[in-house]
Chemist: 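To start, I am sharing the structure in question, which I have written as structure tokens.
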Amino acid sequence: MARRGSNSMRPMNHRLNRREFVKTTTAGVAATASLSAAQTTVNAQAPAVISSKSAKPIVISSANGNFHKNGGTKTCVETAFTQMLEGTDVLEALIAGVNVVELDPEDTSVGYGGLPNADGVVQLDSCCMHGPKKRAGGVAALEGVRTPSKVAHAVMESTDHHLLVGKGAQDFARNMGFTIEADLNTERSRKAWLEWKRQTDPKHYLRPQDRKTSARLDNQGILRKLIAEGVIPARHYWGTINCNGVNSKGELCGVTTTSGLAWKIPGRVGDSPILGAGLYVDGTVGAAGSTGRGEANLFNLSSYLVVEMMRQGKHPKDACLEALRRIRANTIEKRLRKSNGDPNFNITFYAINARGEHAAVAMYAEDDNEIGWAGQTQGRRVRYAVCTENGAATLNCEGLIPGALQDNA
Ligand code: GLY
């Protein structure tokens, strides 16, 4: 799988003006956002509101936001940043960014071609929040629309509600003029589902190569096998994109969109469309969102917690660490813990504050994603995407627990 190499990085001291940026948004930067000691200092005396009338414009996202281009020239963060710089409303710019990933059939975690549920149906979740307008919208278990983030935006703009689900969400989308498709599977996602089905229900769905064996695997064993065979990308089980941005006026917004947990029980809704879980934005404080095990996030409403920590003066990195500590402490079920007691899943938070300071922190900064997680990692390192006027870059995430998810498994 092609990866963005460090040789595409542009030196940090080369600032692009708006025209240059729009022309050359594929350029990367050196680690513009590596967290300095000064940035990570916690200010216990900070005011409850850290609103800034002027900020350094920035867009951040999960790493798949600087990977897929859907056949075009710009990634999600480049698209969003360019539009933001041109004066587009921040949320509309972010949604145009995540649309690149939703529409790209190569990303099997979001939108069109996302891995389907247990019945083979692609069900999508998304929500968005507009800081200055103090408005939000979301959809869950939506079928037939490639861009659930746009439907979430329509819920925000055109209804009195914050969340529409299932058939109601689809009927709303149809009435708002969205095209409803019978099936959002691509050949790749359909084949991945069929392979999963053959291995979990071998009596009914026969796998040609297994006709002569009697081996039955448990669900984890099946997943490992599908990953080893390249049928599904490792960790894609909980793929998602979260994208947050702030413009030069300090206007903050965010959006999260996903096809959710692969092979989920039909109707399962994850953290992504739930305000406070997969995304939370307070226009005077900051924005936070997540990728990874949605159930852990739903139980702790972690994005809300991250924003509240930033309200208390914590740097985005320390706010994310606090949410991860809470999840770690609340993970007491044996089935969710490694032999050393730590969580046996990964989850990542992405946060920016009203000044444009930002961070992304995972439970484990290293994950065994060698097979490729649609650009979420480089080698074992969990990454995130950043775009500033210096260009786009994919940077290393910080981690709460040292080592890799798979260590001491
Ligand atoms: N975080 C995505 C999901 O669990 O659905």
Side-chain angles (χ1 to χ4, degrees), residues 58-66 76-77 80 90-91 93-95 97-99 101-102 109-111 124-131 136-140 148-149 152-153 156 162-163 238-246 252-260 269-283 285-298 300-310 316-317 319-324 326-327 346-354 356-363 376 382-387 395 397-398:
I58 184 168
V59 171
I60 69 167
S61 79
S62 40
N64 50 352
N66 197 30
C76 162
V77 289
V90 176
L91 183 55
L94 299 178
I95 288 173
V98 298
N99 289 164
V101 188
E102 289 176 323
S109 75
V110 175
L124 305 172
D125 298 338
S126 179
C127 75
C128 60
M129 292 188 78
H130 198 291
V139 289
S149 62
H153 189 242
M156 182 190 103
H162 283 338
L163 183 61
W238 286 287
T240 297
I241 182 166
N242 162 247
C243 188
N244 308 308
V246 62
L252 273 160
C253 295
V255 59
T256 301
T257 177
T258 189
S259 52
V269 170
D271 56 330
S272 302
I274 305 301
L275 307 179
L279 176 73
Y280 196 73
V281 180
D282 183 319
V285 176
S290 76
T291 59
R293 182 178 158 76
E295 279 70 13
N297 187 4
L298 276 170
N300 294 280
L301 286 183
S302 312
S303 293
Y304 181 76
L305 179 62
V306 171
V307 172
E308 289 308 297
M309 291 291 124
M310 291 196 285
K317 176 187 167 186
C320 292
L321 281 167
E322 192 58 38
L324 288 161
R326 186 78 62 91
I327 289 174
N346 216 347
I347 182 163
T348 307
F349 291 98
Y350 312 85
I352 55 174
N353 65 21
E357 295 167 327
H358 62 93
V361 190
M363 186 69 79
Q376 299 287 42
V382 182
R383 315 258 283 165
Y384 76 115
V386 175
C387 195
L395 309 175
C397 290
E398 306 279 335

Chemist: Locate the shortest heavy-atom distance separating Gly289 from Ser303; write the atom from each residue and the value.
Modeler: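 Heavy atoms of Gly289 and Ser303 come nearest at CA-OG, 3.6 Å.
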Chemist: Write down the atom of Ala362, the atom of Thr348, and the distance for their closest heavy-atom approach.
Modeler: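 Of all heavy-atom pairs spanning Ala362 and Thr348, the closest is CB-OG1, 3.4 Å.
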Chemist: In Å and rounded to the nearest 0.5 Å, what is the CD1 to OG1 distance from Ile241 to Thr291?
Modeler: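 It is 9.5 Å, given to the nearest 0.5 Å.
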Chemist: Would you say the side-chain atoms of Asn242 pair up with the backbone N or O of Val255, donor to acceptor, closer than 3.5 Å?
Modeler: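 Yes: the side chain of Asn242 pairs with the backbone of Val255.
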Chemist: How long is the straight-line distance from CG of Asp282 back to CG of Asn353, given to the nearest 0.5 Å?
Modeler: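 CG of Asp282 is found 12.0 Å from CG of Asn353.
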Chemist: Using every non-hydrogen atom in the two residues, find where Val77 and Ala385 come nearest and quote the distance to one decimal.
Modeler: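 Taking Val77 first and Ala385 second, the nearest heavy atoms are CG1-CB, 3.9 Å.
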Chemist: How far apart are the closest heavy atoms of Ala351 and Pro316, and which atoms are they?
Modeler: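 For Ala351 versus Pro316, the nearest heavy atoms are O-CB, 3.7 Å.
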Chemist: Ignoring hydrogens and angles, tell me if any N or O in the side chain of Ser126 forms a donor-acceptor pair with the backbone of Thr256 under 3.5 Å.
Modeler: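 Yes, Ser126 side chain to Thr256 backbone: donor-acceptor pair under 3.5 Å.
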Chemist: Check for a donor-acceptor pair, side chain of Ser259 on one end and backbone N or O of Leu124 on the other, with a separation under 3.5 Å.
Modeler: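 A pair under 3.5 Å: no.
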Chemist: To the closest 0.5 Å, what do you measure between CD1 (Ile274) and SG (Cys127)?
Modeler: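 One finds 7.5 Å between CD1 of Ile274 and SG of Cys127.
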Chemist: Using only heavy-atom distances, determine whether the side chains of Ser61 and Asn66 contain a donor-acceptor pair under 3.5 Å.
Modeler: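 Judged by distance alone, the side chains do not pair up.
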Chemist: Please examine the side chains of Glu102 and Pro148, heavy atoms only from C-beta on, and report whether any two atoms are closer than 4.5 Å.
Modeler: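 Pro148 reaches Glu102 side chain to side chain.
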Chemist: Whether the side chain of Asn297 engages the backbone of Ala277 through a donor-acceptor N/O pair (distance < 3.5 Å, no angle test) should be reported.
Modeler: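 Yes.
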Chemist: If you define the side chain from C-beta out and look only at heavy atoms, does anything of Val59 sit under 4.5 Å from Ile352?
Modeler: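 The answer is no, as the side chains (C-beta and beyond) never meet within the 4.5 Å cut-off.
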Chemist: Please report the C-alpha distance between Leu252 and Val285 in whole Å, then the side-chain angles of each, then the deciding distance to 0.1 Å, and finally whether the side-chain contact (heavy atoms from CB on, under 4.5 Å) criterion is met.
Modeler: CA-CA 9 Å; Leu252 273 160; Val285 176; over 6 Å; no
Chemist: Heavy atoms only: give me the nearest Ala140-Val269 pair and the separation to one decimal.
Modeler: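 For Ala140 versus Val269, the nearest heavy atoms are CB-CG2, 3.6 Å.
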Chemist: Any sub-3.5 Å donor-acceptor pair from Thr258's side-chain atoms to Asp125's backbone N or O?
Modeler: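 No: the side chain of Thr258 does not pair with the backbone of Asp125.
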Chemist: Are any of the side-chain heavy atoms of Phe349 and Ile327 separated by less than 4.5 Å?
Modeler: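 A side-chain contact under 4.5 Å exists here.
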Chemist: If I compare all heavy atoms of Asn99 with all of Ser149, which pair ends up nearest, and what's the gap?
Modeler: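 Minimum heavy-atom contact is ND2-OG, 3.1 Å.
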Chemist: Counting distance only, does the side-chain N/O of Glu322 pair as donor-acceptor with the main-chain N or O of Met309 below 3.5 Å?
Modeler: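 The answer is no, because no donor-acceptor pair under 3.5 Å joins these two groups.
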Chemist: Looking at CG of Leu301 and CD of Glu308, how far apart are the two atoms once the value is rounded to the nearest 0.5 Å?
Modeler: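 Output value for this atom pair is 11.0 Å.
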Chemist: Atom CG in Asn300, atom CD1 in Ile347: separation rounded to 0.5 Å?
Modeler: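 Separation between the atoms: 8.0 Å.
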Chemist: Counting C-beta onward and ignoring hydrogens, is there a side-chain heavy-atom pair between Val90 and Val246 closer than 4.5 Å?
Modeler: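 Side chain of Val90 against side chain of Val246, heavy atoms only: no contact under 4.5 Å found.
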Chemist: With rounding to the nearest 0.5 Å, note down the distance linking CZ in Arg326 to CG in Leu321.
Modeler: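 Those atoms lie 13.5 Å apart.
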Chemist: When Met156 is tested against each of Met129, His130, His162 for side chain to side chain contact (heavy atoms under 4.5 Å, CB included), which residue passes?
Modeler: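 The side chain to side chain contact (heavy atoms under 4.5 Å, CB included) with Met156 is passed solely by His130 among Met129, His130, His162.
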Chemist: side-chain contact (heavy atoms from CB on, under 4.5 Å) for Ile95 and Leu91? Distances and angles first, verdict last.
Modeler: CA-CA 6 Å; Ile95 288 173; Leu91 183 55; 3.9 Å; yes
Chemist: Does Thr240 reach the side chain of Ser290, with side-chain heavy atoms less than 4.5 Å apart?
Modeler: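 Of all side-chain heavy-atom pairs linking Ser290 with Thr240, none is under 4.5 Å.
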Chemist: Going by atom types only, do Ser62 and Asn64 share a side-chain donor-acceptor pair under 3.5 Å?
Modeler: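 Looking only at side-chain atoms, Asn64 and Ser62 do form a donor-acceptor pair, the distance falling under 3.5 Å.
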Chemist: For the pair Tyr350 and Tyr384, name the ring-plane relationship: parallel under 30°, tilted 30 to 60°, perpendicular over 60°.
Modeler: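 Ring orientation, 0 to 90° scale: tilted.
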